[in-house]
Every structure is written in structure tokens, then in C-alpha cells.
Undergrad: 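Input: one structure, supplied below.
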Protein chains: 2
Amino acid sequence: MRKIADSTVRRLSLYLQFLEEFEGQGREAVSSSALAARGGTTSAQVRKDLSFFGSFGKRGLGYPVAELMARLRDILGLGRSYRVAIVGAGRVGGALARYEGFADRGFKVVAVYDTDPARIGTVADGRTVRDVRSLEADLGRDPVDIVIIATPASAAQVVADAALRRGTPAILNFAPVRLTVPDTAVVRNVSMALELEALSYALRNR
Amino acid sequence: MRKIADSTVRRLSLYLQFLEEFEGQGREAVSSSALAARGGTTSAQVRKDLSFFGSFGKRGLGYPVAELMARLRDILGLGRSYRVAIVGAGRVGGALARYEGFADRGFKVVAVYDTDPARIGTVADGRTVRDVRSLEADLGRDPVDIVIIATPASAAQVVADAALRRGTPAILNFAPVRLTVPDTAVVRNVSMALELEALSYALRNR
DNA sequence: GGATGTGAATGTCTTCACAGCT
DNA sequence: AGCTGTGAAGACATTCACATCC
């Protein structure tokens with residue numbers, strides 16, 4: 001299959017979100033222009049994005065909402081379930097551990113780790129916080145699909161290295177450092193600093 | 001000035017981060033290839049990105065670290081200070097309110113809002129949580145540069161509308177909805193759902 | 001020698017525009 | 001008539017490659 005651009009995948013995700021809204025309004029069909037209007041893009045863009053994966057619409061009518069949602073979920077790989085470990089039980093890790101959006105998409109948080117003896121052993125949200133020193137062994141025994149890093153900057157690379165040694169295929173990094181990883185690994189960074197600086201740039205002349 | 005691509009701005013932000021690392025290691029000059037190696041891009045890309053804004057390097061030597069950092073800060077608009085209001089004092093809002101990275105970049109959190117009577121009036125981190133109903137009036141009296149939305153999905157659009165009515169130029173949205181805003185407003189979305197779905201897509205065949 | 005800065009070439013993404021289906 | 005699906009065109013971004021300078 002042809003390589004799909006990251007920007008396209010992001011938009012597919014958005015379309016899925018918009019379709020949920022349309023479905024909530026009881027609509028059965030939606031046109032590429034309606035989707036485009038909701039998301040600030042163009043109808044041609046929507047059709048092109050979808051066309052990479054097949055042809056799901058009916059000419060003259062648009063796209064059947066429920067069916068397109070199912071196809072998008074399938075395309076995005078949301079049909080299976082994913083095992084997730086969260087490293088760092090501070091504010092960010094805690095917010096993540098309680099995030100309901102995980103379950104909706106088949107993401108199952110199987111373990112939470114920290115270094116702080118005061119936090120290790122405490123139970124948060126039905127999960128016992130484990131010592132990060134057992135992370136690598138745990139992953140060896142019981143691999144996960146995604147390790148979420150919510151540690152301070154100084155610990156992030158060490159955690160990433162351990163995860164990658166155990167073959168973890170994907171990392172979601174909230175720590176304010178850019179991880180160095182082989183390009184076989186999938187890494188996404190959520191960086192407050194980058195967001196702020198992008199806003200700062202945009203505001204520069206106001 | 002020529003329109004600069006969003007991707008370029010994001011990379012400039014990254015370069016700044018890497019330069020901080022290099023400075024911490026006591027390096028005085030850095031080549032485009034060193035920056036590229038750290039960030040997973042190419043030296044030509046680094047030089048091209050910088051060249052949009054001027055020529056900061058010395059042939060044969062590379063870029064002076066401290067000077068380039070200063071230039072990047074300037075380009076990114078980090079020379080001034082920004083007033084920020086956070087709406088939503090839950091887990092995400094709380095984590096943000098305590099985030100130290102704000103101050104480093106001249107972002108000053110001037111107020112925190114919530115709807116929950118149990119939270120309104122409590123003091124967190126030296127700031128009293130205010131009733132969100134006073135947001136619009138407060139912004140009218142005392143505008144901010146950025147409103148950060150950390151509310152549930154259902155409240156986000158209402159908050160955004162209020163902020164925009166008061167002329168707030170930029171919004172950083174953590175709520176899991178896509179805001180509808182006029183395109184004069186600058187909006188950035190941090191969406192856990194999008195990140196997860198992008199990972200899901202990347203993991204599809206593993 | 002070593003590294004920048006930059007036109008030109010290449011590659012990728014988006015938009016156009018229209019044939020073709022319902 | 002309305003709207004999709006898609007080649008072709010156009011816009012934009014990245015990479016190449018080299019003259020230029022320290």
C-alpha cells in the first residue's frame with residue numbers, strides 16, 4: 001500500500017470525530033463539503049483523503065455516516081485493542097491514567113510506574129503504581145504496544161531505551177525532551193513548549 | 001515577510017531546544033549537521049529553515065550557539081511576555097497551572113477559572129480559582145493574549161466564543177472537540193485522541 | 001578544509017476541474 | 001441535479017549540489 005502522509009492520517013482522525021457529531025445529530029449521510037466545512041478544509045481534500053483507501057460514497061448522495069465511521073475506525077486500526085503502560089505517576093501521568101478516551105479506542109492501561117517511593121505501591125484508579133525499576137523486566141514478561149512517558153525530562157531517554165530494548169513498538173512522549181530512537185520505532189511527542197512557541201510565533205505581530 | 005510554513009516554525013522551536021542542550025554541554029558553535037543529527041532531519045533542512053530569517057552562521061565554523069539561540073527566541077517572539085488565562089481547574093488544567101515551562105518563555109498565568117462551586121475560591125499555586133461566569137467580563141477589563149481551554153468537550157466552544165468576543169487573539173485547546181472559530185483567530189489543538197489514533201494507525205500492521 | 005547559503009531539481013501535498021454514477 | 005472519484009495542474013516543501021566565504 002502507498003505511503004500515506006501523516007497529515008492525511010490526522011485528518012482521517014478528525015473526520016471520524018466529526019462523523020460522531022453528525023451521527024449524534026441523527027444524520028445518515030454526509031457530503032464531503034459538509035465534512036470540510038466542519039473541519040476547515042476543502043471538499044476535494046476530504047474526497048482525496050478517503051480515496052486513498054477506497055471509494056465509500058455514493059455520487060449524488062454523499063457518504064453513509066455509520067458505514068464511513070466503521071471504515072475509518074478500521075483504517076486507523078481501532079478495531080483491535082492495545083496494551084499501554086504509563087511511566088510517571090505525577091500530574092500528567094495521573095491525568096492520563098484517568099483519561100476515559102483510552103477505553104473508547106481500545107487502549108487498555110495495564111500498568112503505571114514511578115520512581116518516587118511515596119507513590120510506589122499506592123493505588124490510583126484501580127491500578128497499583130509500580131517501581132520503574134521493574135519496568136524492563138515486566139515488559140519482557142508481558143509486552144505492551146505503547147509506552148507513554150510522563151516523566152521529567154531527565155528520566156525520559158532512559159525509559160525510552162528500556163522500552164525499546166524490550167521491543168516496544170510505539171512511544172508517546174510527554175516529557176520535554178526530544179528522544180533519540182532508531183527510526184524503526186514509532187514515537188510521537190506532545191510538547192507544551194512547542195505549542196506555546198508556535199502560538200508565540202503566531203502572535204508576534206499583535 | 002514571506003509566509004513561513006508551520007513545519008518550519010516547529011523545527012525552529014526544536015532547534016532552540018537542542019541549542020539549550022548544546023549550551024549546557026559548553027559548546028560555543030554548532031554545525032547544521034550537528035543540529036540535524038540531534039533532531040532527525042538533514043543539514044540542508046536546517047540551513048534552509050534558518051536562511052528564511054537571515055544568515056547567522058560562519059562558513060567553516062557553524063553557528064555560534066548563544067547568538068543563534070537569541071535569534072531564534074527573537075524570531076519565535078519569545079522576547080516579550082504573554083498573559084495567559086486557564087479555563088478548567090481539573091486534572092489537565094491543574095497540571096498546566098503548575099507547569100514551570102510557562103515562566104521560562106515569558107508566559108504568565110494571570111487567572112484560572114472553573115464552573116465547579118467546590119473548586120471556585122480555592123487557592124492553587126498562589127492563584128484563586130474564579131467562576132467561569134466572570135471570564136468574559138474579566139477579559140473585557142483585563143485582556144489576555146492566550147486562553148487555554150482545559151474544560152470538558154461540552155463547555156469548550158462556549159468558552160472559546162466568549163474569549164473571541166473579547167478579542168483574545170489565541171487559544172490553546174485541550175478539550176476533545178474541534179472548535180469552530182473565524183480564521184482570524186489562532187487556535188492550536190492538543191488532542192490525545194488524535195495522538196492515540198495516529199499511533200494506532202502506525203501500529204496497524206504490527 | 002570545513003561549513004554556510006542558496007538557486008535549481010526533485011518530491012510531496014493540495015487544489016482544480018470534470019467525467020461519470022445515482 | 002447533486003456529489004463522488006480522480007487524473008492533471010499547481011503550490012509548496014525538501015533535497016541536491018556547488019559557489020562562496022572563514
Side-chain angles (χ1 to χ4, degrees), chain A residues 1-15 18-19 22 27-72 75 183 194 198 201-202, chain B residues 1-15 18-19 22 27-72 75 183 194 198 201-202:
Chain A
M1 185 198 281
R2 196 179 163 298
K3 166 91 166 26
I4 300 297
D6 213 64
S7 51
T8 300
V9 176
R10 278 204 306 273
R11 283 191 303 266
L12 293 179
S13 225
L14 268 182
Y15 301 157
F18 299 153
L19 287 165
F22 285 124
R27 293 186 56 168
E28 306 214 322
V30 69
S31 67
S32 56
S33 16
L35 276 173
R38 177 63 183 86
T41 176
T42 67
S43 63
Q45 180 79 77
V46 172
R47 295 198 300 277
K48 182 67 85 179
D49 286 340
L50 297 176
S51 77
F52 292 136
F53 300 94
S55 99
F56 312 126
K58 290 208 192 344
R59 293 165 197 240
L61 289 172
Y63 302 86
V65 172
E67 197 186 311
L68 184 54
M69 285 174 66
R71 301 295 284 110
L72 286 177
I75 290 164
D183 51 9
L194 249 58
Y201 179 81
Chain B
M1 188 198 280
R2 194 180 165 297
K3 166 89 165 30
I4 299 298
D6 212 63
S7 51
T8 301
V9 176
R10 279 204 306 273
R11 283 193 301 268
L12 293 179
S13 225
L14 269 182
Y15 301 156
F18 299 153
L19 286 165
F22 285 123
R27 294 187 53 168
E28 307 215 321
V30 68
S31 67
S32 56
S33 17
L35 274 174
R38 177 64 185 85
T41 178
T42 66
S43 62
Q45 180 78 77
V46 172
R47 295 198 299 278
K48 182 68 85 178
D49 286 341
L50 296 176
S51 77
F52 292 136
F53 300 94
S55 99
F56 312 126
K58 288 208 191 346
R59 293 164 198 240
L61 288 174
Y63 301 88
V65 172
E67 195 186 312
L68 184 54
M69 287 174 65
R71 299 296 283 111
L72 286 176
I75 290 164
D183 51 8
L194 249 58
Y201 178 80

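The chains referred to below are lettered A, B, ... by the order of the sequence lines, with proteins before strands, and numbering in each begins at 1.
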Undergrad: Is a side-chain N or O of A:Ser51 found less than 3.5 angstrom from the main chain of A:Lys48, in a donor-acceptor match?
TA: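 Yes: the side chain of A:Ser51 pairs with the backbone of A:Lys48.
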Undergrad: Near DNA chain D, counting only heavy atoms under 4.0 Å, which residues of residues 57-72 of chain A show up?
TA: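 When residues 57-72 of chain A is checked for heavy atoms under 4.0 Å from DNA chain D, the hits, listed by number, are A:Gly57, A:Lys58, A:Arg59, A:Gly60, A:Leu61, A:Gly62, A:Tyr63.
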Undergrad: Assign a letter to each nucleotide of nucleotides 10-15 of chain D from its 5' end: B, base within under 4.0 Å of a protein heavy atom; S, sugar-phosphate only; -, no contact.
TA: ---SSB
Undergrad: What I'd like to find out is whether the side chain of A:Met69 reaches to under 4.5 Å of the side chain of A:Leu19, using heavy atoms alone.
TA: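 The answer is yes, as the side chains (C-beta and beyond) meet within the 4.5 Å cut-off.
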Undergrad: OP1, OP2 of C:dT4 versus side-chain N and O of B:Arg47: anything below 4.0 Å?
TA: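 It does, given that an N or O in the side chain of B:Arg47 lies less than 4.0 Å from OP1 or OP2 of C:dT4.
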Undergrad: Measuring from atom OG1 of B:Thr8 to atom CD1 of B:Ile75, what distance do you get when rounded to the nearest 0.5 angstrom?
TA: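 The distance works out to 11.0 Å.
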Undergrad: For A:Ser31 and D:dC3, is the shortest distance between a side-chain N/O and OP1 or OP2 below 4.0 Å?
TA: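 For A:Ser31, the contact criterion (side-chain N or O under 4.0 Å from OP1 or OP2 of D:dC3) is not met.
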Undergrad: Measuring from B:Asp6:CG to B:Arg11:CZ, what's the distance to the nearest 0.5 Å?
TA: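 The distance works out to 10.5 Å.
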Undergrad: Rounding to an integer number of Å, can you tell me how far A:Tyr15 OH sits from D:dT4 C1'?
TA: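 Whole-Å distance recorded here is 14 Å.
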Undergrad: Can you tell me if B:Ser55 touches the phosphate of C:dG5, counting only side-chain N or O atoms and a distance under 4.0 Å to OP1 or OP2?
TA: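 The answer is yes; a side-chain N or O of B:Ser55 sits under 4.0 Å from OP1 or OP2.
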Undergrad: Measure from CZ on B:Phe56 to C1' on D:dC22 and round the result to the nearest Å.
TA: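 After rounding, the reported distance stands at 18 Å.
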Undergrad: Is B:Ser43 touching bases, backbone alone, or none of the nucleic acid, heavy atoms closer than 4.0 Å?
TA: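 Nothing, no heavy atom under 4.0 Å.
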Undergrad: Could you tell me the separation between the CD atom of B:Glu28 and the CD atom of B:Glu67, rounded to the nearest 0.5 Å?
TA: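 Going from the CD atom of B:Glu28 to the CD atom of B:Glu67 covers 12.0 Å.
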Undergrad: Using atom CZ of B:Phe53 as one end and atom P of C:dG5 as the other, report the distance to the nearest whole Å.
TA: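 Distance, rounded to whole Å: 14 Å.
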Undergrad: Can you tell me how far the OH atom of A:Tyr15 sits from the OG1 atom of A:Thr41, to the nearest 0.5 Å?
TA: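 It is 5.0 Å, given to the nearest 0.5 Å.
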Undergrad: So how far is it from A:Phe53 CZ to A:Leu72 CG, rounded to the nearest 0.5 Å?
TA: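 A:Phe53 atom CZ to A:Leu72 atom CG measures 9.0 Å (nearest 0.5 Å).
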Undergrad: For residues A:Tyr63 and A:Ser31, report the shortest heavy-atom separation together with the two atoms involved.
TA: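 Minimum heavy-atom contact is CD1-C, 4.5 Å.
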